[in-house]
Amino acid sequence: MNSAEKFIYREHTKKVKIGDRTIGGGHPILIQSMTNTRTEDVEATVAQILRLEEAGCEIIRCTVPTMEAAEALPQIKERIHIPLVADIHFDYRLAVAAMERGADKIRINPGNIGGEEKVRAVVEAAKHYHVPIRVGVNSGSLEKPILAKYGRVTAEGIVESALDKVHMLEKEDFYDIVVSIKSSDVLMCVEAHELMAERLQSLGTCYPLHVGITEAGTVYSGNIKSAVGIGLILQEGIGDTIRVSLTGDPVYEISSAKLILKTLGLRTGGVTVVSCPTCGRTQIDLVSLANAVEKLAASYDDLDVKVAVMGCVVNGPGEAREADLGIAGGRGEGLLMKHGEVLRRVPEEQLLGELKKELDILRREKSL
């Protein structure tokens, strides 16, 4: 590599297999989520995971707080189609049980799993079942000595705590590691990832990084914080897998993650919808139409097209002309456009249906 070229961390990270997926080493950034059902409730958990799969989730994490939850994992795994990560806290026996029952990866904090002997037991099981370990450290779980050292929660403290946990696994000759460092403070989280990438690069152990803003908030505030934080981190060339953490239905996490990746040019495919912000010139119900188009577009992930939904005849035709398909609204009607050419004038109530017909045509053309 030319010394003048920027070191892209994710292109040099260790490849880690999670079930039939791989992260690290320049592989595509995979989207994760976490169930909010009781894992012991197999039916509810499977139903939620299948919804997440349909939305585009590629790795799913389930909490395993009890032995009953661990025992539910085989029943869940046989009915889903993406790798399953077991989230463990405090009890090393649950980590071992989850791996025995088919977990594709486990998430632990080696510092609270119960001491060196118990960490060793977890590592031995991980080696035996070929299961990677995600080392998770959040800003809210920093140890008292680190807080005392830095006087408060800092990016440096988060990195030091996480590296300490990494070294605990390395001491047991285990290197199939994914590192996760999260904070609800967006800029602190960004700084921590930059520091972690620098430190791991200097140590010659570029482990893949799981990126997210923890406790980001509701769908509204959490999306904004996650888009800023995850976006800044990914743009630095850091991050091998991401989770957008939102309070609510986890399906929203997937659509948000996909849009972040597409906006940064890190993923292609699917329908990109652009729409104008509306103004006094708008003479159709553009808000409802744009929302309906966005919902419709979610079912066309196999296409890679741009759809413009514009509300007036001033800028509408020009903007729609730049899209693969476009709607330019008028008084209760709209122009339907394809690759810059006007196809037909359509009454407002028929616009969505006519747009769907054109998307179906593009889908058929692609399959030929």
Side-chain angles (χ1 to χ4, degrees), residues 1 5-16 18 21-34 52 55-61 82-83 85 105 107 132 134-139 155 158-159 162 177-201 205-217 219 221-246 250 252-270 272 301 304:
M1 183 179 70
E5 293 179 4
K6 180 180 178 180
F7 182 88
I8 306 299
Y9 182 82
R10 77 169 62 91
E11 294 180 359
H12 301 273
T13 50
K14 175 183 172 65
K15 296 177 184 178
V16 174
I18 304 164
R21 308 296 174 100
T22 301
I23 62 171
H27 277 73
I29 297 166
L30 298 186
I31 296 171
Q32 302 198 21
S33 185
M34 185 173 183
L52 287 162
C57 183
E58 292 157 322
I59 299 172
I60 187 64
R61 179 160 48 113
I82 57 177
V85 181
K105 182 173 77 170
R107 186 269 194 187
R134 171 184 151 191
V135 176
V137 173
N138 287 351
S139 57
I158 294 171
V159 171
I177 299 169
V178 178
V179 180
S180 170
I181 48 172
K182 295 186 179 181
S183 173
S184 57
D185 183 314
V186 172
L187 295 182
M188 181 185 295
C189 198
V190 173
E191 183 184 358
H193 281 82
E194 292 170 342
L195 288 172
M196 178 61 77
E198 290 175 5
R199 289 292 305 277
L200 289 174
Q201 180 188 347
T205 53
C206 292
Y207 293 115
L209 297 181
H210 170 115
V211 176
I213 307 298
T214 192
E215 300 159 0
V219 172
S221 61
N223 267 325
I224 294 173
K225 291 169 69 175
S226 295
V228 172
I230 295 174
L232 287 170
I233 293 166
L234 293 178
Q235 191 64 12
E236 287 291 317
I238 301 167
D240 303 272
T241 181
I242 65 171
R243 181 201 173 187
V244 175
S245 299
L246 301 176
Y252 290 119
E253 300 182 357
I254 308 306
S255 54
S256 299
K258 288 163 69 174
L259 187 53
I260 290 172
L261 292 176
K262 286 180 66 174
T263 302
L264 292 170
L266 294 169
R267 180 171 291 211
T268 59
T272 298
D301 263 355
D304 187 6

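As a basis for the values below, the full set of heavy atoms in this structure was taken, side chains included, without hydrogen atoms, waters or symmetry mates. Being a predicted model, the structure only gives us computed values, none of them experimental.
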Inter-residue atom distance [X].[atom1] - [Y].[atom2], 0.5 Å rounding:
{"X": "Leu200", "Y": "His12", "atom1": "CG", "atom2": "NE2", "value": "14.0 Å"}
{"X": "Glu58", "Y": "Arg21", "atom1": "CD", "atom2": "CZ", "value": "5.5 Å"}
{"X": "Leu261", "Y": "Thr268", "atom1": "CG", "atom2": "OG1", "value": "11.0 Å"}
{"X": "Ile242", "Y": "Ile233", "atom1": "CD1", "atom2": "CD1", "value": "10.0 Å"}
{"X": "Ile177", "Y": "Tyr207", "atom1": "CD1", "atom2": "OH", "value": "4.0 Å"}
{"X": "Asp240", "Y": "Lys14", "atom1": "CG", "atom2": "NZ", "value": "12.5 Å"}

Would you confirm whether [X], through its side chain, and [Y], through its main-chain N or O, come within 3.5 Å as a donor-acceptor pair?
{"X": "His27", "Y": "Gly24", "answer": "yes"}
{"X": "Arg10", "Y": "Gly26", "answer": "no"}
{"X": "Thr22", "Y": "Val16", "answer": "no"}
{"X": "Thr241", "Y": "Leu30", "answer": "yes"}

Quick check: closest heavy atoms across [X] and [Y], and the distance to 0.1 Å?
{"X": "Gly56", "Y": "Ile31", "answer": "O-CB, 4.4 Å"}
{"X": "Ala197", "Y": "Ile238", "answer": "CB-CD1, 3.8 Å"}
{"X": "Phe7", "Y": "Cys206", "answer": "CZ-SG, 4.5 Å"}
{"X": "Ile60", "Y": "Ser33", "answer": "CD1-O, 3.4 Å"}
{"X": "Gly229", "Y": "Val190", "answer": "O-CG2, 3.8 Å"}
{"X": "Ile181", "Y": "Cys189", "answer": "O-SG, 4.0 Å"}

TODO: Please name the residue in the list Gln32, His210, Glu253 that meets the side chain to side chain donor-acceptor pair (under 3.5 Å) test with Arg243.
DONE: Glu253
- [ ] Kindly indicate, with the supporting measurements, whether the criterion side chain to side chain contact (heavy atoms under 4.5 Å, CB included) is fulfilled by Ile158 and Ser139.
- [x] CA-CA 6 Å; Ile158 294 171; Ser139 57; 3.8 Å; yes
Open item on the list: side chain to side chain contact (heavy atoms under 4.5 Å, CB included) for Asn223 and Tyr252? Distances and angles first, verdict last.
Closed with: CA-CA 9 Å; Asn223 267 325; Tyr252 290 119; 5.7 Å; no
Task: Test side chain to side chain contact (heavy atoms under 4.5 Å, CB included) applied to Ile213 and Ser245, step by step - done: CA-CA 7 Å; Ile213 307 298; Ser245 299; over 6 Å; no
Open item on the list: Suppose we screen for side-chain hydrogen bond (donor to acceptor under 3.5 Å, both in side chains). Which residues come up paired with Asp301, at least two apart in sequence or across chains?
Closed with: Lys258
TODO: Evaluate side chain to side chain contact (heavy atoms under 4.5 Å, CB included) for Leu209 paired with Thr13, printing each intermediate quantity in order.
DONE: CA-CA 8 Å; Leu209 297 181; Thr13 50; 5.9 Å; no
